[in-house]
Amino acid sequence: MTATVEVESSGEPQATGVRFPEGFVWGAATASYQIEGAATEDGRGPSIWDTFSRTPGRVHAGHTGDVACDHYHRYVDDVAMMAGLGLRAYRFSIAWPRVQPDGTGPVNTRGLDFYDRLVDELIGKGIDPVVTLYHWDLPQTLQDRGGWTNRETAEAFADYAQIVYARLGDRVKTWTTLNEPWCSAYLGYGNGVHAPGIQDPASALISVHHLLLGHGLAARALRSAGAQTVSITLNPTAVAPLDPQNPADIAAARIVDGVGNRIFLEPLFRGAYPDDVREIIGRFTDLSHIREGDEKIINAPIDVLGVNYYTPTYVSAQPGTPAALDTPGSEGIAFRKPVGPITDIGWQIEPAALTRLLNRLHDDYGVPMMITENGAAYPDGPSPETGEVNDTDRVAYLDSHLRACLDAISHGVDLRGYFAWSLMDNFEWAEGYNMRFGLVHVDYTTQERRPKQSAKWYSEVIKRNGLGGGTAADER
Ligand code: IFM
């Protein structure tokens, strides 16, 4: 697949107008806990995020997902809004505690009914449903038994995957097992910034393995049940040495790449943890959680890799630096503070790092990919004069990252789609409602949805399957 230069009917190519490959999938993404609300409705059990967000001091200003965007009640209007924007696909996640309130055992049919209705609504409007089975809302009962540090959670996840597939598999083609297991493991059990809020390197590394095992078991089950497209979404760190000529910085980047990326990629695509990563895991655990045959299970074939990208990471060797809690084994490594330009959440903007990342994943693993999340937080709101949300910063961010995708496609990357994060402003985990990533503005008092400038711009991008000359922001 290669990017093409647009050719007008006059036969004159436009200077920089570019199109994406035919059939490129255009969508937007959300996640259950971030938008649904209805936290105790229709038999939904508690998740670790209910517990965490209700624990004082864990989430910005004590915000919770109890109501969120009230999508559970407003999904019909929300799907109509997606159709109005021209989305071709919608990536959403299923809340495990809606389907199995205790994580194992009895199925809550009313929970499944909700997703059944949502899928029908999407299909009725010509929008392809792309399902993620786990986007961080683990049933609390499973956490009470150790959560992802317990191997049984991986087995329970595969059972849950089959339950959901049995209900939706006749209509949903794309099945993503996990979203960003890096976050589940290292933020949930490493630095404790996310639920369940544990700070323990061994627990984080054991969780990595059980998440991967859960993925492998679920992928196998989905495949044998007949799933068409099986996938996992990672958020690989676009890590680079601060000084690319300095061997110590290069070695530091290799360690971060090992613990952050290769720990997932190598067993997924090559069926084994790399030796240097095993050595690091072995510093914290006796490795007995990695049983004979597990890596083969994790190596279950997938059809497409979901890639979430927001920001790069630069590291340098700095003896005496304590290990970052989200990166076990990183003692002596300094993570550079983001330098401008940055988004509202403090993440450095560097589209070229996305191209580098995609090229690297293609060169090393040769896997088809989709961008399953990309976007930016800005503190935007309606203008008092016009009522419009003029989020030109977000338009520029999206435009530059789509161009970065095109650069990767020109390199030979088999990139099949792009999902903007996020369809609408929502509960941004530990940041609560303080960070707005949406294409659509949400007024949390009235629940009014208001498409921002970026939503209108994105609709145009979808319509023309590409970008115009300059940035689309300039076109306005
Ligand atoms: O909001 C999150 C999403 O749930 C997972 N990926 C990153 C996004 C922005 O932080």
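Owing to the predicted nature of the structure, the values given are computational and were not obtained by experimental measurement. Numbering of ligands and ligand atoms starts at 1, following listing order.
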>> Can you list everything that forms a side chain to side chain donor-acceptor pair (under 3.5 Å) with Thr104? Sequence neighbours excluded, please.
In response: none
> Does the cation-pi check pass for Arg394 over Tyr378, that is, NZ or CZ under 6.0 Å from the six-membered ring centre and within 45° of its axis?
Replying inline: no
>> Is the terminal nitrogen or CZ of Arg360 (NZ for Lys, CZ for Arg) located under 6.0 angstrom from the six-membered ring centre of Tyr365 and within 45° of that ring's axis?
In response: no
> By side chain to side chain donor-acceptor pair (under 3.5 Å), which residues pair with Asn108, not counting sequence neighbours?
Replying inline: none
> Do the side chains of Asn308 and Asn374 get nearer than 4.5 Å, heavy atoms only?
Replying inline: no
> Quick one: side chain to side chain donor-acceptor pair (under 3.5 Å) partners of Thr153, sequence neighbours excluded?
Replying inline: none
> What residues sit with at least one heavy atom under 4.0 Å from ligand 1?
Replying inline: Gln34, His135, Trp136, Asn179, Glu180, Tyr310, Trp347, Glu373, Trp421, Glu428, Trp429, Phe437
